[in-house]
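By convention in this document, chain letters (A, B, ...) are assigned in the order of the sequence lines, proteins followed by strands, and residues within each chain are numbered from 1. Here the structure is a predicted model, which is why all the values come from computation and not from measurement.
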Amino acid sequence: MLRMSTLFLRTLREDPADAEVPSHKLLVRAGLVRRVAPGVFTWLPLGYLVYRNVEAIVREEMDAAGFQEVHFPALLPREPYEATGRWTEYGDTLMRLQDRKGADFLLGPTHEEMFTLLVKGEYSSYKDLPLVIYQIQTKYRDEARPRAGILRGREFVMKDSYSFDLDDQGLQRSYDRHREAYIKTFDRLGLDYVIVSAMSGAMGGSASEEFLAPCESGEDTFVRSDGGYAANVEAVVTVPPPPKPVAEQPAAHVEDTPDTPTIDSLVALANARFPRSDRAWTAADTLKNVVLMLTYPDGRREPLVVGLPGDREVDMKRLEAQVSPAVPTPFEEADFAAYPQLVKGYIGPQALGEERGIAFRVDPRVVEGTAWITGANEAGRHVFDLVYGRDFSADGKIEAAEVRDGDPAPDGSGPLYSERGIEIGHIFQLGRKYAQALDLKVLDENGKARVVTMGSYGIGVSRAVAAIAEQHHDDKGLLWPRAVSPADVHILATGKDPAVFEAAQELAVACEDEGLRVLYDDRRGVSPGVKFNDSELLGVPTIVVVGKRLVDGQVEIKDRATGEREEVALPEALGRLVQICRG
RNA sequence: CGGGGCGUAGCGUAGUGGCUAGCGCGCUUGCUUUGGGAGCAAGAGAUCGUGGGUUCGAGUCCCGCCGCCCCGACCA
């Protein structure tokens with residue numbers, strides 16, 4: 001039993017000045033955590049109870065799925081990370097340190113290398129596979145900007161598991177087992193979440209999915225529809241309009257359009273000088289050709305022109321996902337000098353295409369039969385009614401245009417809107433990258449060495465505590481789901497009547513005997529208002545008030561979340577509480 | 001790394017170059033109070049982030065440094 005009179009707890013009346021998001025404010029105010037350094041926190045007794053409840057649920061579901069728990073050190077030597085290139089790739093995010101001899105160490109940000117090497121040391125036959133092992137470990141990442149309290153710390157706890165399979169079918173099975181286990185885990189944690197594909201379908205189906213808990217404080221933007229579609233912005237596939245018959249389109253014609261280097265100026269001039277009879281020109285009638293320079297890992301640099309409707313901007317994240325591993329950067333003056341056929345502000349498709357040395361890919365909205373106003377490759381001139389499939393072609397389509405609220409969902413489930421979420425889980429088919437780099441092979445049934453294929457799967461355990469707080473609170477405080485709450489019932493003894501304290505104490509003991517977890521506010525000399533407010537701030541789901549109604553033999557049972565309250569005769573209180581808490 | 005804001009008691013904060021740095025919460029002692037963050041009285045608690053400078057005098061002005069928060073960049 002937790003007794004408030006002796007519990008190491010100090011609730012705060014005011015929000016801490018350095019906290020912005022609700023979970024950070026409330027976890028600090030309710031005395032669950034305290035900051036030690038930027039992005040580094042101490043768990044106090046009540047907070048640690050919640051944390052351990054979350055951890056226990058994660059562990060139970062991993063074990064239930066047949067995964068085996070191991071435990072690595074957080075302190076790791078440099079060499080394995082050197083082998084996979086991550087000692088340098090991870091950059092400043094890696095927490096590095098040296099021992100007394102000057103040997104390099106790191107505090108693990110994630111443990112792919114260590115798991116791979118562990119398996120390599122123990123297993124060498126296909127008969128040993130499949131294997132899934134996991135750990136619940138403190139991770140370290142020297143984030144450029146830790147923020148939002150527990151949500152994004154430099155030290156945090158993650159459940160990370162790794163699967164080892166001989167072939168792709170096996171990997172898919174391991175992946176699916178994790179997906180199911182994660183669904184059960186997050187359901188039990190009381191989290192509202194969506195599963196979004198973290199990569200474009202073009203790059204290999206469901207190779208990676210994120211579990212996002214929608215909330216305003218989330219850092220990840222995703223889009224969803226009311227019909228149930230949810231995806232990362234990078235993974236959204238554009239729904240193309242139907243093609244139009246090419247024959248119906250008027251012939252293309254070049255016009256003088258002086259001083260129209262921007263889409264706005266072009267649309268204004270088109271409406272003034274070349275008005276349409278049926279409607280006004282809009283930016284969506286123009287084809288904007290955005291030039292970028294792609295730099296490949298081998299250092300090769302090639303220009304890429306993206307043609308998209310003039311009312312859309314290029315979304316760099318979407319573009320990056322498409323051209324990876326090449327890195328796109330804006331085209332600079334020196335680049336224009338190297339490609340004189342690109343007339344800044346008046347670039348048109350007629351000068352583009354791989355056969356002319358400049359790759360040209362268009363937005364999926366550019367379908368056969370669509371007519372565009374676009375550059376004529378001469379300063380001050382544009383071409384009108386340039387029809388795709390008749391007057392120009394491209395080297396393919398590209399999903400690089402921004403996704404906007406109201407765009408249709410790819411699966412026809414309605415208009416998209418963007419929302420923010422906290423990444424609480426990530427399942428990922430790694431493939432053979434790490435096994436290759438660290439030479440993890442097993443002999444197959446033919447006695448031939450084969451590189452193992454892997455998956456990695458993470459749950460942010462400490463982050464989940466904050467995510468739950470984000471989703472379960474009101475203006476008075478926290479509202480813990482029972483599964484993670486530090487207690488089942490919070491019993492308040494109010495007033496100064498010794499009989500009240502006796503009755504409350506007896507009820508608390510009786511509850512505990514029934515297996516309920518009890519937080520008992522036995523503080524003497526503390527006014528009822530303080531106890532009520534603390535109980536609301538702490539957020540234990542069921543609150544029992546033993547107070548002035550005790551003279552009539554009554555106690556009050558309150559539901560913290562709904563505010564519903566009922567008067568119950570003291571002898572019936574225990575039975576009622578057992579019913580509620582096991583309900 | 002860029003932009004902005006801020007460092008005063010455990011927490012939240014006030015403080016025109018001029019007395020012993022003020023207030024609220026919390027804490028200690030006593031009395032009263034006890035169903036919505038009680039009252040009265042008496043206390044404890046601060047090298048005003050740090051180093052230098054200007055000045056008769058610096059929490060206050062100037063410069064450097066350190067740290068924190070927010071936005072952006074970055075982030076299996």
Rounded interatomic separation in angstrom, taking CD from A:Glu423 and P from B:A76: 10 Å
Any residue meeting ring pair (Phe, Tyr, Trp, His ring centres under 6.0 Å) with A:His426, in chain and number order, not counting sequence neighbours: A:Phe428
Interatomic distance, A:Met114 CE vs B:A76 C1' [rounded to whole Å]: 17 Å
Between B:A76 (P) and A:Phe156 (CZ): distance, integer Å: 12 Å
Interatomic distance at C1', B:A21 relative to B:G37, whole Å: 28 Å
OP1 or OP2 of B:G35 under 4.0 Å from side-chain N/O of A:Thr494: no
For atom CG of A:Asp475 and atom P of B:G36, their distance in whole Å: 18 Å
Exam field: side chain A:Gln471 to backbone A:Pro214, donor-acceptor pair closer than 3.5 Å: yes
Pairwise C1' distance for B:U50 and B:A14, with rounding to whole Å: 23 Å
Pairs satisfying salt bridge (Lys or Arg N to Asp or Glu O under 4.0 Å), at least one member in residues 453-468 of chain A, at least two apart: none
With A:Phe67 via ring pair (Phe, Tyr, Trp, His ring centres under 6.0 Å) - residues at least two apart: A:His178
Nearest to side-chain heavy atoms of A:Arg10, which nucleotide of B:G37, B:C69, B:G26: B:G26
d(OH, A:Tyr162; P, B:A76) in whole Å: 14 Å
Sugar-phosphate only, base, or nothing, as touched by A:Glu210 at under 4.0 Å among non-hydrogen atoms: nothing
Sugar-phosphate, base or nothing in reach of A:Thr93, heavy atoms under 4.0 Å: nothing
Length of the CZ-C1' vector between A:Arg13 and B:C27, whole Å: 13 Å
Interatomic distance where CG belongs to A:Asn533 and P belongs to B:G26 [whole Å]: 12 Å
From B:C69, B:A38, B:A76, nucleotide with atom closest to A:Ser527 side chain: B:A38
P gap between B:G2 and B:A44, integer Å: 47 Å
A:Asp534 side chain, from C-beta outward: closest of B:G37, B:A38, B:C68: B:G37
Salt bridge (charged side-chain N to carboxylate O under 4.0 Å, His left out) partners for A:Glu113, two or more places apart: A:Arg86
Upstream residue (5' side of RNA chain B) when A:Pro528 and A:Arg141 are each assigned their closest nucleotide: A:Pro528
Listed nucleotide nearest any side-chain atom of A:Val530, set B:A76, B:G37, B:C69: B:G37
Residues in side chain to side chain contact (heavy atoms under 4.5 Å, CB included) contact with A:Ser527, at least two apart in sequence or another chain: A:Val530
Hey, what are the protein-to-nucleotides 71-73 of chain B N/O distances that come in under 3.5 Å?
{"from": "B:C71", "atom 1": "OP2", "to": "A:Arg145", "atom 2": "NH1", "distance (Å)": "3.0"}
{"from": "B:C71", "atom 1": "OP2", "to": "A:Arg145", "atom 2": "NH2", "distance (Å)": "3.4"}

Salt bridge flag under 4.0 Å for residues A:Lys433 and A:Glu112: no
Short N-O contact, A:Asp474 and A:Arg560, less than 4.0 angstrom: yes
Donor + acceptor pair across side chains of A:Gln135, A:His111 (<3.5 Å): yes
B:A76 base / A:Thr110 side chain donor-acceptor hit below 3.5 Å: yes
Nucleotide-resolved protein contact map, nucleotides 9-15 of chain B, B/S/- at heavy-atom distance under 4.0 Å: ---SS--
A:Asp160 vs A:Ala37, nearer the 5' end of RNA chain B by closest nucleotide: A:Ala37
P-based separation of B:G39 from B:G15 [nearest Å]: 25 Å
Any side-chain donor near an acceptor of the partner, A:Arg78 and A:Gln98, under 3.5 Å: no
I'd like a table of donor-acceptor pairs (distance under 3.5 Å, sequence neighbours excluded) in which one partner is a side-chain atom from residues 215-223 of chain A, with atom names and distances.
{"from": "A:Ser217", "atom 1": "OG", "to": "A:Glu470", "atom 2": "OE1", "distance (Å)": "2.9"}
{"from": "A:Glu219", "atom 1": "OE1", "to": "A:Arg152", "atom 2": "NH1", "distance (Å)": "3.1"}
{"from": "A:Glu219", "atom 1": "OE2", "to": "A:Arg147", "atom 2": "NH1", "distance (Å)": "3.2"}

B:G59 to B:G17 separation - P atoms, rounded to the nearest Å: 13 Å
Ring center gap for A:Tyr134 and A:Tyr457 short of 6.0 angstrom: no
Set of residues satisfying salt bridge (charged side-chain N to carboxylate O under 4.0 Å, His left out) with respect to A:Glu210, sequence neighbours excluded: none
Ring pair (Phe, Tyr, Trp, His ring centres under 6.0 Å) partners of residues 18-41 of chain A, not counting sequence neighbours, each pair once: A:His24-A:Phe41
Atom-to-atom span, CZ of A:Arg523 to C1' of B:G36 - whole angstrom: 14 Å
Residue pair A:Tyr162 / A:Asp160, side-chain donor-acceptor N/O under 3.5 Å: yes
Side chain of A:Arg549 (C-beta onward), nearest among B:A76, B:G35, B:C68: B:G35
Residues A:Gln172 and A:Asp168: side-chain donor-acceptor under 3.5 angstrom: no
Distance between P atoms of B:U60 and B:C25 (Å, rounded): 29 Å
Nearest-angstrom distance, P atom, B:A76 to B:G5: 31 Å
Shortest side-chain distance from A:Lys548, nucleotide among B:G35, B:A76, B:G36: B:G35
Touch class at under 4.0 angstrom, heavy-atom based, for A:Ala148 against every strand present: sugar-phosphate
Secondary structure string for RNA chain B (Watson-Crick or G-U under 3.5 angstrom, | for other-strand pairs): (((((((..((((....[...)))).((((((.....)))))).....(((((..]....))))))))))))....
A:Glu567 atom CD, neighbour heavy-atom count above 12 within 6.0 Å: yes
Nearest-angstrom distance, C1' atom, B:A58 to B:G18: 10 Å
Any donor-acceptor N/O pair under 3.5 Å between B:G37 base and A:Arg29 side chain: yes
Candidates B:G35, B:C68, B:A76 - which lies nearest the side chain of A:Phe532: B:G35
Nucleic acid contacts of residues 552-574 of chain A, taken as heavy-atom distances under 4.0 Å to RNA chain B: A:Glu556, A:Lys558, A:Arg565
